[in-house]
Amino acid sequence: AGVFAGGLLYDRFQKAEDVESRSNQLRIMLAQLGPSFVKAGQVLANRPDIIRADYMEQLTKLQDDVPAFPTAAAFSIIEEELGMAIEDVFDEISAEPIAAASLGQVYKARLKATGEAVAIKVQRPGIEPIIYRDLLLFRTLAFFVNQVSMRRLGCNAQLIVDEYGEKLLEELDYIQEGRNLRDFYANFEGDPLVKIPKFYPAQSGGRILTMEWIDGIRCTDPEGIKAAGLDIDNFIKVGVMSGLRQLLEFGLFHGDPHPGNVFAMRDGRIAYVDFGNVAQLSQQNKQVLIDAVVHAVNEDYDAMAGDFIRLGFLSPGTDVRPIVPALESIWQDARTASLSTFNFRTVTGLFNKLVYQYPIRIPERFSLVIRSLLTQEGICMTLQPDFRFLEVAYPYVAKRLLTDRDASLRERLLQVLFKQGKFQWSRLENLIELARESGGGLDLTDTVADGAQLLVSDSQLRTQLLLAITEDDRLHVEELQRLVTMLQKDIKVDKLARTALTDGPTFIRKLALSWSEKVLSA
């Protein structure tokens, strides 16, 4: 640490900064200092509000690989946690760990009671006091640099250390990891595209976690995936869509989907392991993220800046007027680039410049979101170098907006389809085409049924649509015909008729009650 600090001072004295060697020096130093520092470096690699882009690039190379600790110590921990001899619980167990990292290592075993193959994750002995010691050191250092970080970066160093410490201690809590695993399993239970391992609470404890063994192919092994008869393009699409579902549908997402934690199953599913690093988004956060997408589509940059405040990137009361033109510039760059040349890393790079220029702070949960998406995109580009994240992500978002019956998403769909009071015919057609690209078929029957009910009950919407059909002093018959032709293949008439028979009477009663209330109030 002294050599690195001395090097920075020397560069300052010489007025000639050697960025490449200093950033490399920082990476090596963190790797030598131990697991807490490696984890801290990995966090900083996704925090453009704290560290410069040229240093971030070096920190992304930090690996969480360390020599395994003795198997005798691991077996002793297993027996202590279970209160039984290993041979009483497992028929067999690997003599050496299958994988090792800074916080623990994994053994393959077979349950004596059922014969099921399992993975046993064992915590590294003595790691907890080391982590607490390092966190205390980080907190002390943060206290001394807090004034500078507030003045220069606009962020509270102590708060950042606290957020980091909370996530690191969660990774040590195998009881919590078991809960995370159970929640993921429930979210994807019966899913034909995603495999989450089964959790075995009776064979787990505070320092060991037992889950179903995943017999898959490493996700960055294209030859292995092809040899299993799998289509790489389809596997990539499955991976991106499962990540987006975690983020926007469940709000519970894997925070560390690196190649050692993601596998291709021989039946085409994607499998995830290691649920120590998991983050959760509230329903409000999910809705604001979708709002941000809608505002981006509508080019409403003032509202986008407001989304930054609602998501915690900007402090409440921040004057967003200087930021709006910068957001517009970033999005215009995105719109002028084709989907084939514009990817998530490009977006992140542009956003990093914005973070460095304005008082934007990235909340820890969104730092994990960025890290997770960048890692997934990196895996996809390993399998297919010309992969573009947005080519897969856009169809998923379009399909959710068109088919999800959630009232808030229906509202956001209307925001997309109307711009400054005018109906966007081409935007609806583009959404339908994009949604079809997401795969799995497109069924818009429920959307049409909900739209019909909304049209009958909402006089303002009826007026808007009537104006849309007759705007610019002409009837938009051609657009209507084209839309009807497009929708024919995505609407099931028999299902629509059943919905009308089932929901019709209830809807009519609600409409009558609403009408009578209006009459009485008048």
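Keep in mind the model is a prediction, meaning the values are calculated, not measured. Start at 1 with the first residue, then count along the sequence.
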Do Ile214 and Lys195 come within less than 4.5 Å of each other through their side chains, counting heavy atoms only?
-> yes
Between Phe250 and Phe188, how do the two ring planes meet: parallel, tilted or perpendicular, split at 30° and 60°?
-> perpendicular
Heavy-atom pair with the smallest gap, counting every atom of Tyr200 and Leu111 | CE2-CD1, 3.6 Å
Does the ring centre of Phe199 sit less than 6.0 Å away from the ring centre of Tyr185?
-> no
Which heavy atom in Leu209 sits nearest to a heavy atom in Gly178, and how many Å separate them?
-> CD1-N, 3.5 Å
Just do the side-chain contact (heavy atoms from CB on, under 4.5 Å) check on Asn285 and Leu289 with the steps written out, would you?
-> CA-CA 6 Å; Asn285 283 152; Leu289 281 175; 5.6 Å; no
How are the rings of His254 and Phe184 set relative to one another: parallel (under 30°), tilted (30 to 60°) or perpendicular (over 60°)?
-> perpendicular
Glu189/Arg182 ion pair, N-O < 4.0 Å = no
Would you name the heavy atoms of Ile98 and Lys108 that are closest together and state the gap between them?
-> CG1-N, 3.8 Å
Min side-chain heavy-atom separation Phe253-Ser242 under 4.5 Å | no
At their closest point, which heavy atom of Ala305 faces which heavy atom of Val320, and how far apart are they?
-> CB-CB, 3.7 Å
Give a yes or no on whether the backbone of Ile379 and the side-chain of Thr220 come within a donor-acceptor separation of less than 3.5 Å.
-> no
Does the side-chain contact (heavy atoms from CB on, under 4.5 Å) test come out yes or no for Met304 and Glu328, once each step is laid out?
-> CA-CA 9 Å; Met304 283 177 71; Glu328 183 175 358; over 6 Å; no
For the residue pair Ile270 and Gly239, what are the closest heavy atoms and their distance?
-> CD1-CA, 3.5 Å
Heavy atoms, side chains only, cut-off 4.5 Å: are Val194 and Asn187 in contact?
-> no
Sub-3.5 Å donor-acceptor pair from the side chain of Lys198 to the main-chain atoms of Val118, do we have one?
-> no
Is any NZ, NE, NH1 or NH2 atom of the basic residue among Arg110 and Asp91 found under 4.0 Å from an Asp or Glu carboxylate oxygen of the other?
-> no
Kindly say whether Gly255 contributes a backbone atom to a donor-acceptor pair with the side chain of Ser372 at under 3.5 angstrom?
-> no
Within the side chain of Arg218, is there an N or O that forms a donor-acceptor pair under 3.5 Å with the backbone of Gly224?
-> no
Kindly check if the number of other-residue, nucleotide or ligand heavy atoms within 6.0 Å of OH (Tyr132) is above 12?
-> no
Does atom CD of Gln284 have more than 12 heavy-atom neighbours, drawn from other residues, nucleotides or ligands, at distances under 6.0 Å?
-> no
With side chains defined as the heavy atoms from C-beta onward, is the minimum distance between Leu373 and Glu377 less than 4.5 Å?
-> no
Are the side chain of Gln176 and the backbone of Glu170 linked by a donor-acceptor contact shorter than 3.5 Å?
-> no
So which heavy atom on Gly243 is nearest to which on Tyr272, and how close?
-> N-OH, 4.1 Å
Would Asp191 and Arg245 pass as an ion pair if we require N to O under 4.0 Å?
-> yes
Donor-acceptor contact below 3.5 Å, side chain Thr140 vs main chain Leu136 | yes
Indicate yes or no for a side-chain donor-acceptor contact from Arg266 to the backbone of Ile225 under 3.5 Å, with no hydrogens or angles considered.
-> no
Between Glu96 and Thr71, is there a donor-acceptor pair closer than 3.5 Å when you use the side chain of the first and the backbone of the second?
-> no
Exactly one candidate in Glu80, Glu128, Gln123 meets side-chain hydrogen bond (donor to acceptor under 3.5 Å, both in side chains) with Arg207; the answer is Glu80
Do NZ/NE/NH1/NH2 and the carboxylate oxygens of Asp302 and Arg321 come within less than 4.0 Å?
-> no
Exam field: side chain Arg124 to backbone Ser102, donor-acceptor pair closer than 3.5 Å = yes
If you measure only the distance, is there a donor-acceptor pair under 3.5 Å linking the side chains of Tyr107 and Gln105?
-> yes
Regarding Asp162 and Gln158, is there a side-chain donor-to-acceptor distance under 3.5 Å anywhere?
-> no
Kindly determine whether Val240 and Cys380 satisfy side-chain contact (heavy atoms from CB on, under 4.5 Å), including the steps that lead there.
-> CA-CA 9 Å; Val240 173; Cys380 294; 4.0 Å; yes
Using the side-chain contact (heavy atoms from CB on, under 4.5 Å) rule, take Ile93 and Ile78 through it: C-alpha gap first, then chi angles, then the decisive distance, then the call.
-> CA-CA 11 Å; Ile93 186 169; Ile78 293 172; 4.1 Å; yes
Between Lys121 and Glu177, is the closest basic N to carboxylate O distance under 4.0 Å?
-> yes
